[in-house]
Colleague: 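Following this message is one structure expressed as structure tokens.
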Amino acid sequence: MSPRRILVTAALPYANGPIHIGHLVEYIQTDIWVRFQKLRGNQCIYICADDTHGTAIMIRARQEGRSEEELIAEVQAWHERDFAGFDIEFDNYGSTNSPENLALCTEIWSSLRKADLIVEKNVSQLYDPEAGTFLADRFVRGTCPKCGKTNQPGDSCECGHAYSPADLIDPVSTLSGATPEIRESLHLFVELEKLHDFLNDWTQSNQHLQEEVTNYLKGHFLHEPLRDWDISRPAPYFGFEIPDSPGNYWYVWFDAPIGYMASTKQWCDRHGQNFDDWWRNEQTEIHHFIGKDITYFHTLFWPGMLKSAGFNLPTKVHIHGFLTVGGEKMSKSKGTFVKAETYLKYLDPSYLRYYYASKLGPRLDDLDLNLDEFVAKVDSDLVGKVVNLASRSAKFVEKVGLSAAYPDDGGLFAQGAAVGEEIAEAYENCDYNRAMRMILELAGRANPFVEAAAPWTLRKDPSKAQQLQDVCTIALNLFRQIVIYLAPVLPRLAEQTAALLNSPIESWQQAQTPLTGTPVSKFQHMLQRVNPKDVNAMIEDSKEPEIISTAASQFNDSDQPLKDEPLADEISFDEFVKVDLRVARVIAAEHVPEARKLLQLTLSLGGNETRNVFAGIKAAYNPDDLVGRLVVMVANLAPRKMKFGLSEGMVVASGSGGDEVFLLSPDAGAQPGQRVH
RNA sequence: GGGCCGGUAGCUCAGUCGGUUAGAGCAGGGGACUCAUAAUCCCUUUGUCGCGGGUUCGAGUCCUGCCCGGCCUACCA
């Protein structure tokens, strides 16, 4: 079989934040696949870039008082450093803010124009007159027009109601605090519906996508006319200005995927390769690895753009799920939002590469990082089973090296060679956990062999020197075979093994033939067991007070109250409704002469229904100020006998006590007796 | 509400085309070994295959209804 030519991409990380262990699922998954392809002798390149355009970058640069170019250069340097730290090896790492990208965007744009796919429409959008920019939905907050909840984002409310930011009551720009105004501007759209038949065909056939994704697209988008795609943003915007529409810029999601091509172009130029061999040649395979959040862009717009411009279509879009830690979303406050940089301060990248590989499958399921399992798997699988093979046999043959001929091993090596293609198939299908299982099975057979052959006994008898060398030759060859199969996941281990046995590991085929007659270097530890203390330290180091959103921080609310009194355990709705909260009117309020803290309140629930309540609010309220006002009471609390009489409920208030008491009151219009739901 | 995926041992999961007595790793229990990073090896305990119904000579596997979980999505399939 002749070598395949394969172009592989991972999604472009946005140049607005650090790489974290969630990102790494994708880059490690992709890196393993690329290394596997290279080991198999295919011509394969791993292409990526920073995604640098858009409002968020522009705003952040502005806030930091520097140019966008300076910001994205700094972030890109961080990204590249982090990736390198995890042995993620790109053939080219570019930037969407490159001349190559501009040239390709221009070319594809003119193709879309020629295909008559571009239309112009006016769009009403909120504009921040102070910041001088149009506002994306997430930069606007206001009151929900349906339920009246305040401080809701620009696209939808907690109550589930969706709206356009222009519908918000009292909208506020989170950038400047100014009240946005509605401005109309011209936007350019791609008429995706004109490509409907093509997309239907492409997504539903030939296994370009996982089956779930095919179904998803069919059910969510392709069953109805495709909406026009808004592909431009008016100035000011950080990006490329559209050549034939001055003052308008390509939306970041137009130029981002083209960044795959631009980065390929850079690689081609450096290596004297022809760009068209990679993007305009039916023989070339193109594989995109992405997270499920950006499915839409990569399975509809992107193929549509490529088709219209006459480029290769993706051979396959591999979509993975998100990372959870301990079964929950990554959380900054819990310390599970671990940055790549922080991880590397405490732990070996090989651990994470192996752990992810042992959990990754071909489907979109989320991947859970369980820290106890992480420690156990690395210790038991990698150190205990795999590396141990070398660790327990290498030093016996340091002086003599491997036997000149491969001895009889009872068929162990041949068994390992025989499953090579099956393991390869699992890698090829991104079924890494299956591959890891099969590989570990080999280690599970090799250790009992060493146990039975007992080299530590043989070495005591000089007449058995040849037998000792043979046994170690077998053990080290079984080890090496395993390491070759693991090489895509653990490139460092492969290098260490090559150094130990003085023979480079560079091809999958090497697992088919035992190594003989080479010298054996002095054995050095290849991988330490995981120290759980380091794992804990990493989590501690990652803890930071969670910033809920830019809008919350704008109000500068302290986190002290929550710290003083953390959230209670979750309750069910049924439990909640047991508490009967009612609006009540204070119809009388008096001091209790002998009580230090109490006021006696008479609350009306409307009609003749009244309740006598003793409330510990004396230090904070004057009785006279309370009469007439509405409060919220717990109406079905068991009555409690107190020194001064029977208290028939509780008035709800926040605050720490003393004069720090704040009664809750309903908004105007509430009636005594109404239940609070 | 709808869509997709899942539910198998204490935990993580495998289980092909429906085929004998449902498996592995980890954890637990017992033993061995002392080369190896408290590593390794041998033996061993553990199951309402989510629940009900159906098809079948035979169902973890196929069909169907329901329950539970995850993700996605939302006057829309």
Side-chain angles (χ1 to χ4, degrees), chain A residues 146 155-157 159-163 209-227 291-296 299 319-324 326-329 348 355-356 358-398 422 425-426 431-460 468 471-472 475-476 478-479 523-532 572:
Chain A
K146 188 167 189 183
D155 51 353
S156 63
C157 170
C159 74
H161 185 58
Y163 41 76
L209 306 171
Q210 288 127 302
E211 203 185 336
E212 309 92 291
V213 181
T214 298
N215 290 338
Y216 163 74
L217 294 174
K218 193 159 126 191
H220 281 82
F221 301 102
L222 294 167
H223 68 286
E224 60 185 9
L226 292 161
R227 272 172 246 156
K292 59 187 180 181
D293 52 329
I294 54 176
T295 298
Y296 182 60
T299 56
I319 307 181
H320 61 81
F322 295 145
L323 179 72
T324 56
E328 297 177 358
K329 276 188 182 168
D348 186 326
Y355 183 78
Y356 281 171
S358 76
K359 305 272 282 189
L360 275 166
R363 290 200 303 261
L364 282 81
D365 303 330
D366 288 347
L367 187 159
D368 186 48
L369 167 58
N370 177 301
L371 293 170
D372 293 333
E373 187 194 27
F374 172 82
V375 175
K377 247 191 154 66
V378 171
D379 283 356
S380 153
D381 291 0
L382 289 186
V383 181
K385 293 257 168 35
V386 176
V387 174
N388 189 39
L389 280 170
S391 169
R392 68 194 310 197
S393 55
K395 74 173 193 184
F396 298 135
V397 284
E398 261 169 31
E422 208 182 331
E425 196 186 325
D431 202 351
Y432 300 163
N433 76 66
R434 182 174 159 79
M436 295 307 108
R437 266 202 317 276
M438 286 191 283
I439 294 168
L440 260 292
E441 218 177 289
L442 300 179
R445 286 203 285 265
N447 273 305
F449 165 80
V450 178
E451 200 76 18
W456 49 93
T457 309
L458 296 175
R459 73 164 168 168
K460 290 174 187 162
L468 174 64
V471 166
C472 294
L476 288 169
L478 296 176
F479 169 68
F523 181 79
Q524 294 168 358
H525 278 186
M526 294 176 162
L527 201 63
Q528 300 298 318
R529 292 165 59 79
V530 186
N531 188 343
S572 68

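Just so it is clear, the model here is predicted, and its values are computed rather than measured. All chains are named by letter (A, B, ...) in the order of the sequence lines, taking the proteins before the strands, and each is independently numbered beginning at 1. These values consider heavy atoms only, across backbone and side chains, with no hydrogens, waters or symmetry-generated copies.
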Colleague: What integer number of Å spans the C1' atoms of B/G18 and B/C57?
Modeller: 12 Å
Colleague: Among the candidates B/C71, B/C41, B/A36, find the nucleotide nearest to the side-chain atoms of A/Lys292.
Modeller: B/C71
Colleague: Please pick, from B/C26, B/C33, B/C13, the nucleotide with the shortest atom-to-atom distance to any side-chain atom of A/Lys385.
Modeller: B/C26
Colleague: Distance check, C1' atoms only: B/U56 and B/C42, in whole angstrom units.
Modeller: 43 Å
Colleague: With both distances kept under 3.5 Å, what pairs with B/G6, Watson-Crick or G-U wobble?
Modeller: B/C68
Colleague: When both hydrogen-bonding distances must be under 3.5 Å and the geometry is Watson-Crick or G-U wobble, what is B/C75 paired with, if anything?
Modeller: none
Colleague: Tell me whether the OP1 or OP2 atom of B/A39 has a side-chain N or O from A/Arg529 closer than 4.0 Å.
Modeller: yes
Colleague: Take atom P in B/G47 and the same atom in B/C41, then report the distance between them in whole Å.
Modeller: 26 Å
Colleague: Heavy-atom count around A/Arg445 CZ within 6.0 Å, excluding the residue itself: above 12?
Modeller: yes
Colleague: Base, sugar-phosphate or nothing for A/Met436? Non-hydrogen atoms, less than 4.0 Å.
Modeller: nothing
Colleague: Please name the nucleotide paired to B/U40 by Watson-Crick or G-U wobble geometry with both distances under 3.5 Å, or report none.
Modeller: B/A32
Colleague: Pick base, sugar-phosphate or nothing for A/Asp366, based on heavy-atom distances below 4.0 Å to the nucleic acid.
Modeller: sugar-phosphate
Colleague: Among B/U40, B/C5, B/C35, which nucleotide sits nearest the side chain of A/Asn388?
Modeller: B/U40
Colleague: Minimum heavy-atom separation for A/Leu440 and A/Lys385, please, with both atom names.
Modeller: CD1-CB, 4.1 Å
Colleague: Within a 6.0 Å radius of atom CD on A/Glu398, are there more than 12 heavy atoms belonging to other residues, nucleotides or ligands?
Modeller: yes
Colleague: Rounded to the Å, how far apart are A/Glu451 CD and B/C33 P?
Modeller: 11 Å
Colleague: Does B/C49 have a Watson-Crick or wobble partner in any strand here, with both distances under 3.5 angstrom, and which is it?
Modeller: none
Colleague: How is A/Leu527 classified with respect to the nucleic acid when contacts are heavy atoms under 4.0 Å: base, sugar-phosphate, or nothing?
Modeller: base
Colleague: Measuring to OP1 and OP2 of B/C11, would you say a side-chain N or O of A/Lys377 lies under 4.0 angstrom away?
Modeller: no
Colleague: If you look at every heavy atom in A/Leu476 and A/Ala390, which pair is closest and at what distance?
Modeller: CD2-CA, 4.0 Å
Colleague: What does A/Arg434 touch in the nucleic acid at a heavy-atom separation under 4.0 angstrom: a base, only the sugar-phosphate, or nothing?
Modeller: nothing
Colleague: Could you check whether A/Pro448 gets within reach of a base, just the sugar-phosphate, or nothing at all, counting any heavy atom under 4.0 Å?
Modeller: sugar-phosphate
Colleague: So which nucleotide does B/G25 pair with, by the Watson-Crick or G-U wobble rule with both distances under 3.5 Å?
Modeller: B/C11
Colleague: Identify the heavy atoms of A/Val530 and A/Phe374 that sit nearest to each other, and give their distance.
Modeller: CG1-CE2, 4.4 Å
